[in-house]
Number of protein chains: 4
Amino acid sequence: MRPPTPGKRTGRPRSTDADRAILDAARAALVELGWSGLSMGDVAARAGVAKTTVYRRWANKSDLVVDAVTALLDDQLELPDLGSLRADIEGVVQHFAALLGHPEAKTGLMAIIAEATRDDALRSRIRHAIVDRQKRLVIEGRTRAQHRGELPPDNGAHPGPQVDLIFDTIAGAVVHRTLVSGEPIDAAWAHRFTELLLDGLLAFPGTAGPGMPSPPSVRGADPSSNAGRA
Amino acid sequence: MRPPTPGKRTGRPRSTDADRAILDAARAALVELGWSGLSMGDVAARAGVAKTTVYRRWANKSDLVVDAVTALLDDQLELPDLGSLRADIEGVVQHFAALLGHPEAKTGLMAIIAEATRDDALRSRIRHAIVDRQKRLVIEGRTRAQHRGELPPDNGAHPGPQVDLIFDTIAGAVVHRTLVSGEPIDAAWAHRFTELLLDGLLAFPGTAGPGMPSPPSVRGADPSSNAGRA
Amino acid sequence: MRPPTPGKRTGRPRSTDADRAILDAARAALVELGWSGLSMGDVAARAGVAKTTVYRRWANKSDLVVDAVTALLDDQLELPDLGSLRADIEGVVQHFAALLGHPEAKTGLMAIIAEATRDDALRSRIRHAIVDRQKRLVIEGRTRAQHRGELPPDNGAHPGPQVDLIFDTIAGAVVHRTLVSGEPIDAAWAHRFTELLLDGLLAFPGTAGPGMPSPPSVRGADPSSNAGRA
Amino acid sequence: MRPPTPGKRTGRPRSTDADRAILDAARAALVELGWSGLSMGDVAARAGVAKTTVYRRWANKSDLVVDAVTALLDDQLELPDLGSLRADIEGVVQHFAALLGHPEAKTGLMAIIAEATRDDALRSRIRHAIVDRQKRLVIEGRTRAQHRGELPPDNGAHPGPQVDLIFDTIAGAVVHRTLVSGEPIDAAWAHRFTELLLDGLLAFPGTAGPGMPSPPSVRGADPSSNAGRA
DNA sequence: ATCTAATCGAGACGGTACGTCCTGTCTTGCA
DNA sequence: TGCAAGACAGGACGTACCGTCTCGATTAGAT
């Protein structure tokens, strides 16, 4: 939705009904047909709008779909305080997983990410519209944990890289399991993943079966797992 | 490459030269033009082959690109023994990151994954051709670490879920950072990620800035992995 | 040129330049390449027009060629008064023969007629666009001859069958000699044919060799038609 | 059916069953699909034969169809003596019309004639295989009429042009009425056409209605129709 | 009784055109 | 000026045939 552009104010104003109808139509088409099956003409027809009206707002497929998808995600960005870092992470994992369970989010996200691998402008748009936005969840959770005393306060170093690392790890795992491995994410998986993230691999060497969580280790103080190490 | 399979023995056999030429051409076209720019006619022309000859083997773009990309990954599956679990993980992370640095792998992988979000057959094809194959790396590294005594032996529980979790975590983080966040993976990131994975977030207070490695972590006293560091 | 017809008035109107360019290109292509060599894509290219633009107007090759050929014939429909029935017939025979001498008319006509042998819609289209139109020549010549007193006036019977018979005989002989027998039509043939048609076989003892005109037939004492002969 | 060619006698002989099956299949396909719809592969499939087997006998579609059609006509060439020139002509007209009533003859003939308008080799093949063969009918009828005294004997001049003219007139009228005008040929039309051909237009100026034949005029001795002439 | 060479079926091959679909731009007339 | 409608140039799609080619398996006649 770019070129309604600058100061000008004359002529017939754009229909906001059309805006909504087009985004809704795009979302619906994306679910049914996928990125490559989605056509601008079809979106216009679904929205009951002329093709011109679509192109007047979005210059091409990418732009339209990015807006359609991000609008979808914007409604979902919340991180309720569940009382502990561990619970917060489990919560966000399940929340994100639930979001990716919706076919429109799933298809749309992957489609624009794929397209972005060869389109720098699209990539940076995704970065700003999606990644940076979601990163606030990590920052917020981190700050909250620091206030609770679960994590030490910032020691003066820039926390960005740390935040990025954790964001990529959490989001990556969820996305990969859902979209690449193609397995669903349930409470048990969320629990085990949180355990791994907080305590580390060396702290729970495969003793956990599915749905059979290991006892919460505090800072991984499990002597047996340290046995073979210097 | 499906329909030649039925046991028939009659007629002129398919040219294996054509097989190779087409896959090579598809790979090259993928790098230059990306998924959406790749056209079957162009691939045929590059391969010096008629369009018919391509369609006789692969029914559509997805099928062709999946085969082209998996063949690409098959050449890359190695996990040299670097002497410790920590080093092995850092190694595989960097190895996988390097692979995703190649535009052909990057574009091709994401494209077929995106396409797979709405194509069950393609999804299971990806699972078998790529995911399951790569999972062996995790299993191999795990077994090696158990022999070294870094990890306890299997305690009778089925190790699958554990392997899956670790695989999704490693592959997911690498893929997400590379393709979604759009940041490169260097030695420092690989090191910090490995530290997080092995020791856990609670043991890892995020004091490291970029290019400014964290102090040797309390428990990661592995000489080989510290070799290049202060 | 069918589907624009419904009374609609909206949208961008079709380019009449394109109409003309396409028909001209089709005519030219027909001459150079013949029916089977003519391709829609090539016609579009010659007309400097997209293939879509051709298909929007004509659904297939037959339709396009029919229109191209009939437009060609429409320019040619004249029957100058040569002073006598005999001269008028000789004139129209030579005129029609000259028309069939043009490769575009020759190829186009036969092609659509052949196609029409298995396409009822096309057949009736040809009937209306070509046959009925040309029949007026016979009617006009007949009326003229009646005014001159060469033929008796209509005796109350419907003249249709008579007109049809004469039309099929004249047109059939010209077409057959030109396209089936593959021999050219010159002044001598036109003269002998007219003699046969007017006087009948029994009055016409076949003494004429080629270029060796028969002696003035007993009953065909028409000065104008004998002008160029011994 | 050309290249079984010269002296050689060794190897497996060609199957005559295949010859017949192919021609029959070609005939059937021609009726159903027309020239342009007929494909060599389809003919082979209908004949239960490999494409190679067809191409080994006929180099292309034209050759095959010409042979298929001429074989069809060869069975039909007879001119029974009906006792008078008039009856013989009426007989051959109706006979030829009946032949063109068969869709396979109709479609096949027109198709190859149309193709011949731009293929000299095909044209001369048609001339020899069809036209020249049928011309014998005219020659035979003429000779017979001369023996009966209905026509004068040859006066030394070469009779070819006369034969050609009559052949083109008869065949042309029948073909044109059937295929171009698209009207059927019944006994009444055959009678009226014969009358025109034998007596001439000036002898029966439209006094005949359909199915209401004029009395047989002998040498067109109708004074009233000659009124306006010198 | 073998040898041998042309036949047969099957179907892959390089090409060419097909007719459809979509893209992004443009040209109308109405509001 | 916005908008619905739809024409426009361009280009890829996946299909269908063409006429050629390579296979392995017959099949007769010549040896």
Side-chain angles (χ1 to χ4, degrees), chain A residues 4 8-15 18 36-45 48-61, chain B residues 3-4 8-15 17-18 36-45 47-57 59-61, chain C residues 3-4 8-15 17-18 36-42 44-45 47-57 59-61, chain D residues 4 8-15 17-18 36-45 48-61:
Chain A
K8 296 230 170 194
R9 279 281 125 211
T10 176
R12 173 173 171 178
R14 291 202 184 151
S15 157
S36 65
L38 180 150
S39 84
M40 299 296 266
D42 182 53
V43 168
V49 137
K51 261 200 308 174
T52 331
T53 304
V54 177
Y55 278 107
R56 203 172 285 119
R57 291 162 165 76
W58 293 276
N60 49 51
K61 210 154 111 169
Chain B
K8 298 238 176 191
R9 282 273 116 226
T10 166
R12 175 173 171 177
R14 293 206 181 147
S15 158
D17 287 2
S36 66
L38 180 152
S39 85
M40 299 295 266
D42 182 53
V43 168
V49 138
K51 250 199 317 174
T52 331
T53 301
V54 177
Y55 279 107
R56 200 172 287 120
R57 292 162 165 75
N60 49 54
K61 218 153 104 165
Chain C
K8 299 238 174 189
R9 279 275 116 225
T10 168
R12 174 174 172 177
R14 295 209 180 144
S15 158
D17 288 2
S36 66
L38 180 151
S39 86
M40 298 296 266
D42 181 53
V49 137
K51 250 199 317 174
T52 333
T53 301
V54 178
Y55 279 107
R56 201 173 287 119
R57 291 163 165 75
N60 48 53
K61 219 153 104 166
Chain D
K8 297 228 170 196
R9 278 281 124 212
T10 175
R12 176 173 171 176
R14 292 204 183 145
S15 158
D17 288 0
S36 65
L38 180 151
S39 84
M40 298 296 266
D42 182 52
V43 167
V49 138
K51 260 202 308 175
T52 330
T53 304
V54 177
Y55 277 107
R56 202 172 285 120
R57 292 162 164 76
W58 292 276
N60 50 52
K61 211 154 112 166

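As the structure is a computational prediction, the values presented were derived from the model and not from experiment.
Considering only residues two or more places apart in sequence or on other chains, C/Ala50 meets the side chain to side chain contact (heavy atoms under 4.5 Å, CB included) condition with C/Thr52, C/Thr53. When the side chain to side chain contact (heavy atoms under 4.5 Å, CB included) test is applied to A/Asn60, the partners found at least two apart in sequence or on another chain are A/Ser62, A/Asp63. Every residue two or more places apart in sequence or in another chain that forms a side chain to side chain contact (heavy atoms under 4.5 Å, CB included) with B/Ser39 is listed here: B/Asp42.
Here the closest non-hydrogen pair linking C/Ala18 and C/Ser15 is N-OG, 3.0 Å. Between B/Arg57 and B/Arg14, the shortest heavy-atom distance links the atoms NH2-CB, 3.5 Å. Nearest heavy atom pair, residue A/Val54 against residue A/Met40, reads CG1-CE, 3.8 Å.
Spacing between atom CG of C/Asp17 and atom P of E/dT28 amounts to 11 Å, rounded to whole angstrom units. Here E/dT23 presents its C1' atom at 18 Å from CH2 of A/Trp58, a figure rounded to the nearest Å. As a whole-Å value, the separation of A/Arg56 CZ from F/dC3 C1' is 6 Å.
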Fill in the blank from the handout: Contact string for nucleotides 16-23 of chain F, one letter per nucleotide 5' to 3', B = base within protein heavy-atom range under 4.0 Å, S = sugar-phosphate only, - = neither, reads -SSBBBB-
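Between E/dG14 and B/Thr53, a contact under 4.0 Å exists linking OP1 or OP2 to a side-chain N or O.
Checking D/Ala50 against B/Ser15, the closest nucleotide of DNA chain E that is more toward the 5' end is the one next to D/Ala50.
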